[in-house]
Amino acid sequence: MPAYKPDTTMEDTSINPVDGQNQSPPPPSRRSSTSSDPCDAAVAALHRSCGVYTRPALVARLLDRVGWTCEADLADARLLEPGAGDGAFLVEAVRRLVASFRRHGISLSIGTLRERILAYELVPAEANKARARVVAAMKASGVHHATAHACSRAWVRTGDFLLASHPTPLFSHIVGNPPYIRWSKLPDSIAATYSGKLPRSIARGDLYLPFLHRSFELLHPSGRCAFVCSDRWRYTVYADDFRTRWQSALEIGTEPAGNPKDIFDREVYVHPEILTASPLATPKPLKKLRRIRGKTLAELDCTIRVGPALGVTSAFVLEPGDTSVEPELLHRWIDAQEITHGDIRWRGRRVISPFDERGKIVELDQYPLLAARLQRFSSRLRARYIVRNGAIWYRTIDKVLPAAWSPPKLLIPEIAKSPRVALDHTGTVPSHGIYAVFSHSLDIEDVYDRLRDGKLAKALAPIAPKVKGRYTRCYRRFLAMITI
């Protein structure tokens with residue numbers, strides 16, 4: 001595939017600053033995201049994967065967090081939106097900007113408004129939607145149509161935020177919902193371009209990470225930004241350099257964003273939070289993690305694995321008493337709610353393993369009951385990313401291989417108010433929200449004794465982050481670091 005070459009040119013902004021002069025709406029983009037051009041195809045594929053838009057209530061919360069309000073004096077403010085989409089943030093930001101100008105007696109002219117907002121959108125069709133929505137919002141607020149069209153052209157730039165040359169001065173307010181997609185899932189041409197042009201420390205892991213990094217670079221020393229994003233930057237290995245760079249330079253706060261179904265326009269599989277940040281006057285030293293004397297689980301020859309991801313849990317997990325699938329394909333399954341301190345309270349649910357003992361996916365015509373059940377979920381199963389990339393539509397995301405989970409093991413929920421561990425001898429398959437610890441040299445009961453009765457929580461306390469209402473993230477990286 002040819003190298004990805006995003007169009008980073010702004011739509012026509014050679015406008016007459018005199019209000020009242022007739023102006024034409026911005027011309028249609030010269031390129032369509034659905035054309036046969038390989039670059040356009042890569043952009044369209046990226047948009048399909050991570051074009052998740054924000055609902056108005058959350059937009060308002062983020063603008064409130066940075067102080068972009070109707071009451072604030074925004075005469076000299078500059079707002080940046082790194083990924084505008086179809087204009088959800090812009091519409092509300094524009095409404096507040098116009099109200100602020102009126103409250104403070106500032107004329108609504110292209111001269112006073114032009115430098116107040118800048119937004120980027122990679123997909124030309126979406127950028128055009130954003131411009132149209134900006135025009136409609138401004139006209140609804142009583143702004144002259146010529147000024148509205150001029151502002152929409154000046155404010156919405158069709159291009160790649162990560163690769164663009166950004167204008168000065170810096171921005172006093174930055175808000176948005178940066179795209180979230182694993183680096184390994186990026187279209188090849190886009191990944192190659194980013195890897196060649198972005199710092200290696202951020203060109204990895206998840207795409208939202210360089211969006212945060214670049215935004216922080218463009219934040220004014222007295223500015224403030226707010227994003228809705230995954231919380232993975234807090235604890236993953238790929239974000240080590242990012243944390244080192246920014247946790248000492250910014251005052252960073254987080255709060256739960258809410259139920260993804262209520263805040264986004266389509267289903268997502270992340271733990272969203274609202275991240276707020278403002279520069280510190282004096283950088284603060286990073287805290288050093290306290291290492292407790294003893295041996296790590298790795299040194300004790302233990303393996304830590306997370307339960308298999310299914311994709312559409314309701315398709316593959318049967319409720320107690322359900323006999324709608326061939327019994328040889330069913331195996332005990334639990335989620336984090338069924339793990340208590342030292343005990344497993346199995347509710348009777350079972351998971352389907354559509355693989356044989358060699359790890360090869362079964363043929364549906366050999367299992368008519370399985371075929372009938374999965375056909376009920378066909379549309380949701382076929383819409384998954386792995387299927388769009390060529391996987392068989394009825395497979396689980398990760399292979400569910402019961403033999404891999406049959407040895408005695410410890411089970412630890414990934415997120416817990418109080419970290420807890422249980423011992424399993426039944427071969428239960430854990431959900432994707434549970435970590436399993438296997439011991440290859442010690443008796444697993446010995447390892448369990450070293451972690452039970454609150455000792456796991458005590459070992460994790462110096463190193464594991466608190467998220468979402470003071471819950472502990474018992475992530476694999478931190479489990480590997482604890483000493484017992």
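Numbering of residues begins at 1 and proceeds along the displayed sequence.
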Sub-4.5 Å side-chain heavy-atom contact between [X] and [Y]:
X	Y	value
Ile334	Leu411	yes
Phe161	Leu122	no
Leu79	Arg116	no
Pro210	Tyr194	no
His213	Leu198	no
Leu90	Arg133	no
Ile202	Asp241	no
Leu460	Leu479	yes

Would you say [X]'s side chain and [Y]'s backbone share a donor-acceptor pair under 3.5 angstrom?
X	Y	result
Ser172	Arg78	yes
His432	Gly307	yes
Thr472	Cys474	no
Trp183	Leu207	no
Tyr208	Trp233	yes
Thr112	Ser107	yes
Ser152	His149	yes
Arg245	Phe242	no
Glu273	Leu275	no
Arg204	Arg200	no

Who passes side chain to side chain contact (heavy atoms under 4.5 Å, CB included) against Arg96, sequence neighbours left out?
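With sequence neighbours excluded, Arg96 shows a side chain to side chain contact (heavy atoms under 4.5 Å, CB included) to Ala60, Leu63, Asp64, Trp68, Thr69, Cys70, Glu92, given in chain and number order.
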
Please enumerate all residues that pass side chain to side chain contact (heavy atoms under 4.5 Å, CB included) together with Arg102, with sequence neighbours excluded.
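Listed in chain order: Val98, Leu108, Ser141.
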
Distance in Å, [X] [atom1] paired with [Y] [atom2], rounded so as to fall on 0.5 Å steps:
X	Y	atom1	atom2	result
Tyr435	Ile412	OH	CD1	10.5 Å
Ser215	Ile174	OG	CD1	5.0 Å
Leu219	Arg214	CG	CZ	12.5 Å
Phe377	Trp393	CZ	CH2	10.5 Å
Thr193	Asp188	OG1	CG	10.5 Å
Glu255	Arg65	CD	CZ	4.0 Å

Just grab all the ring pair (Phe, Tyr, Trp, His ring centres under 6.0 Å) pairs involving residues 75-118, residues at least two apart or on different chains.
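Every pair satisfying ring pair (Phe, Tyr, Trp, His ring centres under 6.0 Å) with a residue in residues 75-118: there are none.
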
Indicate the atoms forming the closest heavy-atom contact of [X] with [Y], along with that distance.
X	Y	answer
Ile463	Phe478	O-CE2, 3.2 Å
Ala42	Ile190	O-CD1, 3.6 Å
Ala336	Gly433	CB-O, 4.4 Å
Gly67	Leu74	O-CD2, 4.4 Å
Ile110	Ala150	CD1-CB, 3.8 Å
Trp333	Ser431	CZ2-CB, 3.4 Å

Under 4.0 Å between a Lys/Arg side-chain N and an Asp/Glu carboxylate O for Asp398 and Arg305?
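Looking at Arg305 together with Asp398, the answer is no, because their closest N to O distance does not fall below 4.0 Å.
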
Between Glu414 and Arg473, does any side-chain N to carboxylate O distance fall below 4.0 Å?
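Answer for the salt bridge query: yes.
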
For [X], give me all partners under salt bridge (charged side-chain N to carboxylate O under 4.0 Å, His left out), at least two apart in sequence or on another chain.
X	value
Arg420	none
Arg224	none
Arg349	Asp335, Glu338

For Lys197, which of Leu162, Leu163, Asp160 qualifies under side chain to side chain contact (heavy atoms under 4.5 Å, CB included)?
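The option that passes is Leu163.
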
Could you go through the side chain to side chain donor-acceptor pair (under 3.5 Å) check for Thr158 and Arg131 one step at a time?
CA-CA 10 Å; Thr158 304; Arg131 294 186 189 96; 2.7 Å; yes

Given the rule in the side-chain contact (heavy atoms from CB on, under 4.5 Å) test, do Arg476 and Val306 qualify, once you have shown the distances and angles that lead to the verdict?
CA-CA 8 Å; Arg476 182 199 329 232; Val306 70; 4.2 Å; yes

Give the C-alpha distance, both sets of side-chain angles, the deciding distance and a yes or no for side-chain contact (heavy atoms from CB on, under 4.5 Å) between Gln375 and Tyr394.
CA-CA 9 Å; Gln375 193 60 44; Tyr394 58 88; over 6 Å; no

Before giving the answer on side-chain contact (heavy atoms from CB on, under 4.5 Å), spell out for Val387 and Leu381 the whole-Å C-alpha distance, their side-chain angles and the decisive distance to 0.1 Å.
CA-CA 8 Å; Val387 177; Leu381 292 170; 5.8 Å; no

Taking it one step at a time, do Cys225 and Phe216 satisfy side-chain contact (heavy atoms from CB on, under 4.5 Å)?
CA-CA 8 Å; Cys225 68; Phe216 292 163; 3.4 Å; yes

Is atom CG of Asp76 surrounded by more than 12 heavy atoms (other residues, nucleotides or ligands) closer than 6.0 Å?
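Open.
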
